[in-house]
Amino acid sequence: MHSWTFRLNAIFTFTVSVLGALSALNILTVYFLDPRPIATIDNVKLQRLPGSGPNRPNAEARVMFDMKADLRPLFNWNTKLVFVYITAEYVTKLNTINQIVIWDYIVEDVQNAVFTVGRHQTMLLPRHHNEYPLIDQGRGIRSAAQPVNLTFNWCVMPIVGIIARYKEQLAQFPFPDSFEKLPAPGTHL
Amino acid sequence: QFSLKHTFATIKKMPGLHCDMEGQKTCEFLYQAIILSLAALGFSAGYFLESFRVTVYAVFIGVGFASIICVPDWGVFRGKEPLVWVPEGSTERPKRSKGPG
């Protein structure tokens, strides 16, 4: 402590230790909560992709659905953002596990944590929202024995701590067994 | 001429920059107390306001405050008599007459 540089260095290292201790305490206050969001999906409809045809090697479709989600329980003072995504999961002869992400969304604020997608949607989702087509490897999804499951996954990214990922299966739908049975884009569903 | 020895000699003669002796313990206690109390305050404030940003900002305010008080040599920490340096070029160890050196 005999010179100003020494004191500056001492204060700096002390601050880093204090911030580390505060972060550990932060995790401690949050670790034992087990929040779950509330979400429902229904009214799943399929549609052809523009530009696809019956001779394509992969089965493709666009999946549309109504979803209501309430992510408010996930937000505490250690949450930086929540990443939610919906996967379509099914079993084919070619692959035992298929998981295809068809929709994802990043929620950064607790104000945007309650939202609706689909028929009852009142406003556009604020930012970072994506939809992807369901593209199979081959056409095995058409003759899949079980219907396709829609799973709601959420991923909580904390300010301090481990990223945690959870999922919950919410809906099911069968995939039609031929290309012609998918409605064309633009038809009224 | 510009040698390291010359630089140190000049710095030692400057009144405001070199070390302080008796106040070092006070200084260390002060900055720790300031930062820790603001950290505790910031932690409770952040917990109730549900924002870790508040906690970190409180710690930063504490660091700024502690730096202003403790880093520059205000003379408050020094004792009444100036330090007695060993004369330049001398190689003998002086007898210790005061506290920790």
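Order of the sequence lines sets the chain letters (A, B, ...), proteins ahead of strands, with each chain counted from 1. Keep in mind it's a predicted model, so treat the numbers as computed, not measured.
- In this structure, A:T29 and B:F43 have side chains that are in contact, with non-hydrogen atoms separated by less than 4.5 Å.
- Transitive grouping of hydrophobic side chains (ILVMFWY, heavy atoms separated by less than 4.5 Å) brings A:F173 and A:F152 into a common cluster.
- Within the 4.5 Å cutoff, the side chain of B:I35 has heavy atoms near those of the A:I11 side chain.
- Within 6.0 Å of CD on A:E168 lie more than 12 heavy atoms contributed by other residues, nucleotides or ligands.
- Within 6.0 Å of atom CD in A:E180, more than 12 heavy atoms from other residues, nucleotides or ligands are found, so the atom counts as buried in its surroundings.
- Heavy-atom distances place both the backbone and the side chain of A:L22 under 4.5 Å from chain B.
- Residue A:M67 is not grouped with residue A:L124 when hydrophobic side chains (ILVMFWY) are merged at heavy-atom distances under 4.5 angstrom, including chains of intermediate members.
- Interface remark: A:F12 contributes no atoms to any contact with chain B (heavy atom separation under 4.5 Å).
- At a 4.5 Å heavy-atom cutoff, the contact between A:V160 and chain B is made by side-chain atoms alone.
- B:F48 and A:W77 fall within a single hydrophobic cluster, where Ile, Leu, Val, Met, Phe, Trp and Tyr are joined by side-chain heavy atoms under 4.5 Å apart, directly or via other members.
- Closest approach of B:C70 and A:R7 over heavy atoms only: O-NE, 2.8 Å.
- Comparing B:S67, B:A39, B:A66, B:G46 by how many heavy-atom pairs each has under 4.5 Å with chain A, the most go to B:G46.
- Using a 4.5 Å heavy-atom cutoff, the side chains of A:F14 and B:V63 are not in contact.
- Proximity to chain B (any heavy atom under 4.5 Å) is shown, for A:S23, by both the backbone and the side chain.
- The CG atom of A:N76 sits 9.5 Å away from the OH atom of B:Y47 when rounded to the nearest 0.5 Å.
- Within a 6.0 Å sphere centred on OH of B:Y57, other residues, nucleotides and ligands contribute 12 heavy atoms or fewer.
- The contact between B:F60 and chain A is made entirely by side chain atoms (from C-beta outward), counting heavy-atom distances below 4.5 Å.
- There is a path of hydrophobic side-chain contacts, each under 4.5 Å, that joins A:I41 to A:Y166.
- Between B:Y31 and A:T15 there is no side-chain heavy-atom pair separated by less than 4.5 Å.
- Only the side chain of A:L19 has a heavy atom closer than 4.5 Å to any heavy atom of chain B.
- If you chain together hydrophobic residues whose side chains sit under 4.5 Å apart, A:L125 and A:V82 fall into the same group.
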